[in-house]
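Below: one structure, written as structure tokens.
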Protein chains: 2
Amino acid sequence: MATPRTLRTRARILDAALDLFERQGYDATTVNQIADAAGITPMTFFRHFPTKDAVLVTDPYDPLIAQAVGAQPADLPPLERTRLGMLAALGDITPTEDATARRRVALVTQSPSLRAAVAIGTEATQEAIVEQLVADGVDPLDAAIAASACLAATTAALLAWGTAPSDVTLADLVHRALAQLALEKP
Amino acid sequence: MATPRTLRTRARILDAALDLFERQGYDATTVNQIADAAGITPMTFFRHFPTKDAVLVTDPYDPLIAQAVGAQPADLPPLERTRLGMLAALGDITPTEDATARRRVALVTQSPSLRAAVAIGTEATQEAIVEQLVADGVDPLDAAIAASACLAATTAALLAWGTAPSDVTLADLVHRALAQLALEKP
DNA sequence: CTTGAAATGTTAGCGACTAACATTTCTAGG
DNA sequence: CCTAGAAATGTTAGTCGCTAACATTTCAAG
């Protein structure tokens, strides 16, 4: 179910899309243009990516984060637990991933519709975390509050990192975002 | 610039839209249907509301919150400051507002695109808070983290309130959401 | 009344996205 | 090498949100 041909066109779409997005902006780029540049039909584009924004927005971290949250001591308050879990799951991203990530983040900051897509994407992660916490007896409302606060903090840091380029690594960024939510100051 | 005629059609659009949304869902309702039910043209709809979701999503709290945040003691950590500010601005919503709010929130929880619209809507509030904090010397990144965490927590609580109806008041809800972000436990 | 501006209608179109059906392209088996 | 059969792509036609340019109606003040 992952034939070489599929992977090839998928990569071509991705290349063409990123190129056009960076040259003329996300909103100014139509799916038709992407399809033309990739040598395919608009229809084929949507067979590989469900939406236009899916080219940029993909969240492969959901299961890892939720699992890491569940692995934290269950007697901690919900916020502290998700905080430590996310830190464990995201705290050691290798600097190699930074380069490609930066391109995508820089693009996402450009358009509100893209940030909206990111928000939808994080919902899945949030629900996964909530599920973990609720399974351990945490009140659903408290779980939702804790999860969304931690996710929003890291997302905000990520977007700020995209707009104002600094040479901070992604891992440092996550640490800084979550440190501010720590219950007691060091 | 607020003639009686304008207000009347605006109200008719709002009535028709809420009615249709509740009867057949947000996504299943087209602007054409709303326009028909309101006795107008789709074009006229968009002259009163910039987008379909604008009928449900409106955030009139921005300036109050930012101001309240600025009014908190400047020597507190950013998170604690926005937390107390939001508590001051939103902590005493009258129960009268609850009924109409509940209808809207219940609808918003139905559709991902609507929740995304809410997220984009809160961006303005977030920027207003960040501006306040930065003006007092707080690092922009830290300000963004604090503001987004507090806003996300209250939004999450609000949406949970919409899905699982309880007889908690809006003010109680805000208190509960923000209490979890308090730096030291009582 | 009448006049002039505000509000609405008309037409035409773009862009994201979908469904049903036809067609090409690769890939495995003989 | 060649030929099924499936996977990938193309075609066509359409819906829905949304916009622009221009014509038309409605209403309130003189």
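Please read these numbers as outputs of a predicted model, since none were measured by experiment. Just so we're on the same page: letters track the sequence lines, and every chain starts at 1.
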Residue [X], side-chain atoms from C-beta onward, closest of [options]:
{"X": "B:T3", "options": "C:dA6, D:dT19, C:dT8", "value": "C:dA6"}
{"X": "B:K52", "options": "C:dG9, D:dC18, C:dT18", "value": "D:dC18"}
{"X": "B:V31", "options": "D:dG17, C:dA16, C:dC17", "value": "D:dG17"}
{"X": "B:R5", "options": "C:dC17, D:dC16, C:dA6", "value": "C:dA6"}
{"X": "B:M43", "options": "D:dT11, C:dA16, D:dA20", "value": "D:dA20"}
{"X": "B:T9", "options": "D:dG17, D:dT9, C:dT8", "value": "C:dT8"}

Is [X] reaching over with its side chain to a backbone N or O of [Y], donor-acceptor style, under 3.5 angstrom?
{"X": "B:R81", "Y": "B:D75", "answer": "no"}
{"X": "B:E80", "Y": "B:P77", "answer": "no"}
{"X": "B:W161", "Y": "B:V168", "answer": "yes"}

Tell me what [X] touches on the nucleic acid: a base, only sugar-phosphate, or nothing, going by heavy atoms under 4.0 Å.
{"X": "B:T29", "value": "sugar-phosphate"}
{"X": "B:P50", "value": "sugar-phosphate"}
{"X": "A:T41", "value": "base"}

Practice item. Using atom CZ of B:F46 as one end and atom P of C:dA7 as the other, report the distance to the nearest whole Å. Key: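 So the CZ-P distance, B:F46 to C:dA7, works out to 19 Å.
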Exercise for review: Take the protein atom CZ of B:F45 and the nucleotide atom P of D:dG17, then report the distance between them rounded to whole Å.
Suggested key: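 B:F45 atom CZ is separated from D:dG17 atom P by 9 Å.
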Review point. With no hydrogens and no angle check, do the side chains of A:N32 and A:T30 hold a donor and an acceptor under 3.5 Å apart?
Key: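 No, because no side-chain N or O of A:N32 sits under 3.5 Å from a partner of the opposite role on A:T30.
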Review point. Pick the nucleotide of DNA chain D nearest each of B:R8 and A:I40; which residue has the one closer to the 5' end?
Key: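 Final value for this comparison: A:I40.
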